[in-house]
Amino acid sequence: MNTAPPAALLASFPDADSLLAAARRARQEGYECIDGHSPFPVDGLAEALGFDERRVVLLAGAGFVGGFSLALLAQWWMNAVDYPLNVGGRPLAAWVAFAYPAFELACLAGAVVGIAAMLLLNHLPRPGHPLLDVEPFRRASQDRFFLSIATVDPRYRPRRTEAFLRDLGARQVLEVPP
Amino acid sequence: MSTGAEIFQPITVQVADIALARRVRRRWWLALALSGAATVAFVATVVWLLATGVGIWGINIPVNWGLAIVNSIWWAGLATAGTLISALLLLVPGQQWRSALNRFAEAMTVLAVAMAGVFPILHLGRPEAVHWMLPLPSTLGVWPQFRSPLTWDVASLLAYLLVSLAFWYVGMIPDLATLRDRAGGARRRRAYNRLALGWRGSALHWARWRQAYRAAALMAVLAATLHSGGAMLFAAGPSAAWHTTGLPPYLLASGVFSGLAVVLLLTLSLRAAFGLGAVITGRHLDIMGRLLLVAGLAFLYGAATLAFGAWYSGDPRQAQFLVERAVGAHAVTTWAAMALMFVPLQALWWRRARRAPAVLAAVALAVVPGVWLDRYVLVLGGLQRDYLPSRWGEYAPTAAEWALFGGTLGAFAFLFLLFVRFLPLVAMFEIREATA
Amino acid sequence: MVSFAPGRDHLAPMRAGLVTAAKAVTAALAVVAVALAAAWSAGGIPRPPPVQPVPFSHAHHAGALGLDCRFCHSDAERGPRAGLPATEVCMSCHYPVEVRPEVPALRWVRTARLPDFTYFDHSVHVAAAVDCAACHGAVAEMAQPVPPRPFTMLWCLDCHRQRAVERARLEHCYACHR
Amino acid sequence: MPAIAEAGALRRREFLRGMAASAATAALAGCGRSPVGAVPYVERPEEVVPGRPLFYATAIPFAGFAQPVLAETHMGRPTKLEGNPDHPVGGGATDAFTQAAVAALYGPERSRRPLRGGVAAAWADFAALAPELAGPGLRVLTGAVGSPTLVRQLTALVEEAGARWHVHEPGLPPPQAGRPSLHPRLDAAGAVVCLDADPLGPGPAQVAHVRAWSAAPRRPLFVAEPTLSPTGAVARRRLAAPAGRVPVLARALAAELGLGQAPPLADDEAAWVAEAVAALAAQPGESLLLAGPTQPGAIRDLALAVNARLGNLGRTLLATEPVLAMPPGGDEFSLAALVEDMRGGRVRALLVLEANPAYTQPAGLDFAAAARRVPWRIHAGLCRDETAALCHWHLPLHHPLEDWSDARAVDGTAGIIQPVTRPLHESVSAHAVLAALLGEPGADPREVVRDTWRRRWDEDDFEARWRRALHDGFVADTGAAPLTLAPPPLPPPEPDEVGGLEAVFRPDPCVWDGRFAAVPWLQELPKPLTTLTWTNVVALGAGLAGRLGVATGDTVEVSAAGAAVAAPAWIMPGQAEASVTLFLGYGRRNGAGVGRGRGYDAYPLRPGPQGWRVAGVRLRRLDGAAAPLPVIQPHQTLAGLDDIVRTVAPGAAVPPPAAAASLYPEWEYPGPAWGMVIDLDRCTGCNACVVACQMENAVPTVGPSEVAKGRALHWLRVDLYYQERPEGLRTYFQPVPCMHCEKAPCEFGCPVNATVHGPEGLNQMVYNRCIGTRTCSSYCPYKVRRFNFRDYAGAMPAAYAPLRNPDVTVRAQGVMEKCTYCTQRIAAARIEARKDNRPIRDGEVRTACQQACPARAIVFGDLADPGSAVARARDDRRHYGLLAHLGTRPRTTYLARTEAR
């Protein structure tokens, strides 16, 4: 047992519902630096922890629109402005034709931007996160559900918080090493 | 109350241990060796081709597109099915059926698109100048020509490949984390951790991940639909046999049809190989059977519509294309295709047949080559009987062309085997979600 | 709410490294681009003049003596190639008729090279009052002239696009290619 | 064409010597990379502007007749031959053989140096030996001879040295000594009937005849012949009759006109004769009956009598003194007589001058065995052919483009042949060889030729006339002197031919009697009526084939009089059921370059040096799979599509197409809008345009295996369609170059802008941008694009490199190529016009195909200029665009074929 204060407390729960309940309680208690960890996306958990954003979706949409217009513009400039050539008597600015690759590239841009946004906002990749050094936490990607409260949380009190977690129904409460 | 341990552990163990198993079955090694040999042959043929040029193929004027293009659109068609199963069904609310299949269906898609992309490059007269199809600035000051359906094809193949690759990988991240956490050795653990980007199942991460995943799915579906197996390359040209708006849906339908058959084959073989009966249940097979039947009928309808249109158009040449198809040089191929695609398919009207792996396998094994033959007839039909009888010509593929086709089959199998061995071939977290 | 993300981030240096690498690459590309652009505008990387069979100075003949280019390169206004003066042309100035020695055919080394796959006609450019220097540089100031810039397609196009009464006239492929 | 002063000509050859190096480098200049070194002249000739071609008037002899040409030379190397527009014959047009003659100049099959017993020898040695060969024991065997100088030398040899002169011309019947030459005037004839005659077919007079016919191609033409010929193909009414049956038809026809007794006829024959007679009688004095040179002399006399009766003599049928010279005495100087003498040991020395009896000898005439009894055998020719292999001495001769000589055109007009380049090999002039035999070893051929003309012209203005002759390419007013023919007595009727199968012989339309077998461009030239290349076949009728169970490509054995040949069969439309056709010129054994061992040799079946028909033929199918034949166009029917070759009744108009609505913008085409109109009434499928295009645009050949794969490279093709109609077989020729569509599907198919539209309406193909996706060809409804599946240009023998037109890019492997409307010619005209600030004149730009066409079927020019010939042609009632309903707006359009129904 090292003397330094832990980085966080980690409470493990048997199933998603108890984790969800625990998360709600913790919020009511006023805890702020809390997070849930589950082997699959638990509906409502993030919202229960106060998550409320659509940035990823919006950015993906922006990527789609941006990609489309950029591709359209680039094609028009290349084929109609920079080197206009009579190609089979077709119009120089063949928007209908340009729309096809533009749409495909828009799809690419939308997907890439969306995923990139997700990774950036999630601060991923981060293979070295201390949680990953906690032996039991390995179950978090398999069959266990965890609630973590960081020690930096203003409402954190070593004894009280641990007790709080226990009477939330946590199977065990662990200390995350700093 | 049942805890996560009891519900989730079995599936996790079963799937994860396929990738993590220390000892590998001999069958896997055998398959890998075979497909590896085919891949080597493929590379050798490519080298030969690049050294001597497309003159070693059977192509000519008028039939200047041969097996290469047939294979390309065939592979591209297969791919669409994977996208449909995983991405489209993901967007359909309230169904978890896909979870058992989507992962390797996506893998199939990614590999198939890659194979589809190989041929257009190999078939160039001067492959060394392929980069001229991309908008790269140079002292020539000349740009690609974006009215060309071929440029469209380059763009859409590229987009489709990257989108489906991204979609596949993002969906795999949480399961890679599972592998990390079950991996024995430190090195494997580190490796899977890197691949999983340090995923720790945080609620917020899940939330944003879900948004990104769905967005990617939508993009994949759009890309796949528009690409429709490179149909534009044919439909946009003036050839009487191709010049119809019905062609893209036709190619899309047949692509999905053949793709579903391939997914079905993969499903059955993986299910048998790894005893995944619990994960991939009879219900999955039943639904796959229904889907295959529906796709087949849709394609049949499409084919009928095209034929009717050709006849109804009153254009002698379109009619002539029909006749040529039915009784011409490739009549045998045409009817073989029809028989392979639609006769065994009818078995799937019966529930019993749909739940019998043997029957399903037989049907799928007939459909896949059937659709390939249909592609063959389609491509040749547009070229060998063009507007002027003086330019009517024939075409016979050479050994080099067959070798390249076989080579891509081998390469596909090789890469897929590696995927099966080292990556989670079923979306574990989705099944957890479904069973919870 | 705040996601649980305590201090120890093993990947922070990696991400930082990535960012710096990205910056470095971009900078490098920019530098190269600028250099190339400069090279083109300034006429590329000038080659050193080759060793010619006789130490002939253009600076002297065209500069000091003020001979017209066409005095020696007389084909420039008659045909596609400017041509090299027949040895008798040199002789006509350098030797009086009676003491004219027997000379072998000279073998010059080309400095101005027409790019592959292009057809250039001097006579029509002369007729269009294109100054020789426009392509060959200030020959009158160079003892051993080398073309000031590589004859790239873009460079030809620049001129064609400016001079043509009607752009398409000189911008189309068959203007130079056949 | 610059005037060539004598001095100029001399200086030209000097500088050519000096230019050797540069000429070599210039040869490479066509391939893109410019040479590193540059060698200026020491003294420059005025007329040479580097990069500009020079034209010299000369002639190419063919079967004794001069084909007048202008030779285009680049820095001293000939690259192209055009007809001589000022010449009374041909009016600037040429035939396929003449177009390919320049290729023969560079042919790798040409022998490099004199040989004695197969080892290199010196010309001087022969010159030293020659005088002692001259004498009564000397025999000279030549082909048909029309060259005044050659005739003078041969006569001298006969008269002074007592030598004997024999003539053997396998492809053509030689004029009987003393008989006048007959000149049909197709332009003057209002109706023509041909009895096994093929005036429009290949031969020395083809250009003259086709040009005359094209004056009004819609005249009634009746043809009865055993095998389809170009003349039969354009006939209004054609009867397939065995050659043995033609005499009967002739007598019936004569009887109808009151000459002799009418033999019994079959119904179709009677119908044909009735129509023919009606047409002849309708315009007495302006009709013409032609009996083919392959028919017996009696029938030719009969035809003459009929023409006399119709009053055609002197009007549509002219007679002149013989154009070709013959040794006096007829058969005594034939090849057979020579062989007889050789066998009898009466020949001490034999000089074979540009003839190849060892190959072209008829059945049963063992030339080789007989020749072995001759102590001195000398062969003089371009190649070391079958005959050369039998001779002690082989003397390489100059190609006509390297030589001084003279010759007479079909109308007798004489012309001087002058060298336009330095000899490529250690060859000599035929005149030098004969001069050596006459005891003047060192004679300069130029002086020999000048001597001939010095004797004809008075001395004082000789130089002027000589210069003029060189400049013009012909000597004015030297046409053959006309004679008035007395109508010959009616020949006694011969017994009718008994039935049974007959074989008729024809020179191959592309390699003639075998002399052109080494020219790849002629080997790959599709035979006009089969589109077959690189080989010959036995043509037989569908009915006969059905009876024997023979399919096209099967091997059949044709046997007659003990001899037999095995050959691939070809089911020929319009073939008389009772006759099969064998084509000469294949199965070459020596000195035939690429032609060696191709096809089968039909000579062993030939009854005599001039035998055109052998009766009592047996035909049987040999076992073995059908061989794939290198055919350019496998499908030769219209498949019921009536929008490809349009036909109209005389005076009728093609219904105007429904205005093709277009969503696309109208493009402005400032300045010249190039366009081409091709008149299907005029085209006789002679293929001159095809070879002209290949020579002008440096189109390589691909070889038989690639042709069989469907990879032929001709930019311009002549589509061939057969159609069985109630009124008989119809044959259609449709030349198809690039259509240069204004809404070109190929262009929008190209992903890299390698083919785009120019401001003058040209569909531009940029080879160095092409990456070979072949989308353009897939999208081209006319399939006029050709692809370099392999490195065809690089695979050509290096010897042909100097033949390449330096103004045209050499296409690499993997790129598309196609007709460019000869853009290099347009560019040259554009530059000249720009230099003196004027628009390009109508007719200033002429495409190679247009220039070569003897029928004037191709018109090219500026559509924007309403006065231009092409614009006027577009206003013709017969004008239509091929597949115009596709909305491609082709710039190349057609005038429909007129058909009396």
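Heavy atoms only: backbone and side chains are in, while hydrogens, waters and symmetry mates are out. Throughout, a chain's letter reflects where its sequence line sits, starting with A, and its residues are numbered from 1.
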Check whether any side-chain heavy atom of [X] sits under 4.5 Å from a side-chain heavy atom of [Y], and report yes or no.
| X | Y | answer |
| --- | --- | --- |
| Ile59(B) | Arg774(D) | yes |
| Pro149(B) | Phe748(D) | yes |
| Lys783(D) | Leu388(B) | no |
| Pro751(D) | Pro144(B) | no |
| Ile644(D) | Tyr387(B) | no |
| Leu641(D) | Pro389(B) | yes |
| Leu233(B) | Thr775(D) | yes |

Please flag which part of [X] lies under 4.5 Å from any non-hydrogen atom of chain D: side chain, backbone, both or neither.
| X | answer |
| --- | --- |
| Trp143(B) | backbone |
| Asp386(B) | side chain |
| Glu394(B) | side chain |

field: Over all atoms of both residues, closest heavy-atom pair of Cys750(D) and Ser148(B)
entry: O-CB, 3.5 Å
- prompt: Where is the tightest heavy-atom contact between Leu883(D) and Arg317(B), given as atom of each residue plus distance?
  reply: CD2-NH2, 3.6 Å
side-chain hydrogen bond (donor to acceptor under 3.5 Å, both in side chains): pairs with one or both residues in residues 738-750 of chain D, sequence neighbours excluded: Glu742(D)-Arg891(D), Glu747(D)-His757(D), Glu747(D)-Asn763(D)
query: Hey, mind stepping through His635(D) and Arg391(B) against side-chain hydrogen bond (donor to acceptor under 3.5 Å, both in side chains) and telling me if it holds?
result: CA-CA 8 Å; His635(D) 294 78; Arg391(B) 290 295 99 186; over 6 Å; no
Can you tell which of [options] has the highest number of heavy-atom pairs within less than 4.5 Å of chain D?
| options | value |
| --- | --- |
| Pro127(B), Pro120(B), Pro62(B) | Pro62(B) |
| His243(B), Arg385(B), Gln320(B) | Arg385(B) |
| Trp57(B), Trp392(B), Trp65(B) | Trp65(B) |
| Ile69(B), Val154(B), Val142(B) | Val142(B) |

Interatomic spacing from [atom1] in [X] to [atom2] in [Y] - rounded to 0.5 Å:
| X | Y | atom1 | atom2 | result |
| --- | --- | --- | --- | --- |
| Arg769(D) | Leu140(B) | CZ | CG | 6.0 Å |
| Ile121(B) | Thr773(D) | CD1 | OG1 | 13.0 Å |
| Asp315(B) | His885(D) | CG | NE2 | 7.0 Å |
| Ile771(D) | His131(B) | CD1 | NE2 | 9.0 Å |

Worked check of side-chain contact (heavy atoms from CB on, under 4.5 Å) between Val736(D) and Ser390(B): CA-CA 10 Å; Val736(D) 184; Ser390(B) 65; 5.9 Å; no
For chain B, find which of [options] contributes the most heavy-atom pairs closer than 4.5 angstrom.
| options | result |
| --- | --- |
| Ser778(D), Cys780(D), Cys746(D) | Ser778(D) |
| Lys709(D), Glu706(D), Gln633(D), Arg711(D) | Arg711(D) |
| Ile632(D), Thr531(D), Asn788(D), Asp643(D) | Asp643(D) |
| Ser777(D), Ala812(D), Pro634(D) | Ser777(D) |

query: Is a donor on one side and an acceptor on the other found under 3.5 Å between the side chain of Arg147(B) and the backbone of Gly749(D)?
result: no
field: Within 6.0 angstrom of Trp335(B) CH2, more than 12 heavy atoms from elsewhere
entry: no
- prompt: Should we count CG of Leu136(B) as having more than 12 external heavy atoms under 6.0 Å?
  reply: yes
task: Using non-hydrogen atoms and a 4.5 Å limit, figure out which bit of Gln636(D) sits close to chain B: side chain, backbone, both or neither.
output: neither
Name of the residue among Val756(D), Asn753(D), Val752(D) meeting side-chain contact (heavy atoms from CB on, under 4.5 Å) with Gln145(B): Asn753(D)
- request: Kindly indicate, with the supporting measurements, whether the criterion side-chain contact (heavy atoms from CB on, under 4.5 Å) is fulfilled by Phe787(D) and Ile61(B).
  value: CA-CA 8 Å; Phe787(D) 188 69; Ile61(B) 305 289; 4.2 Å; yes
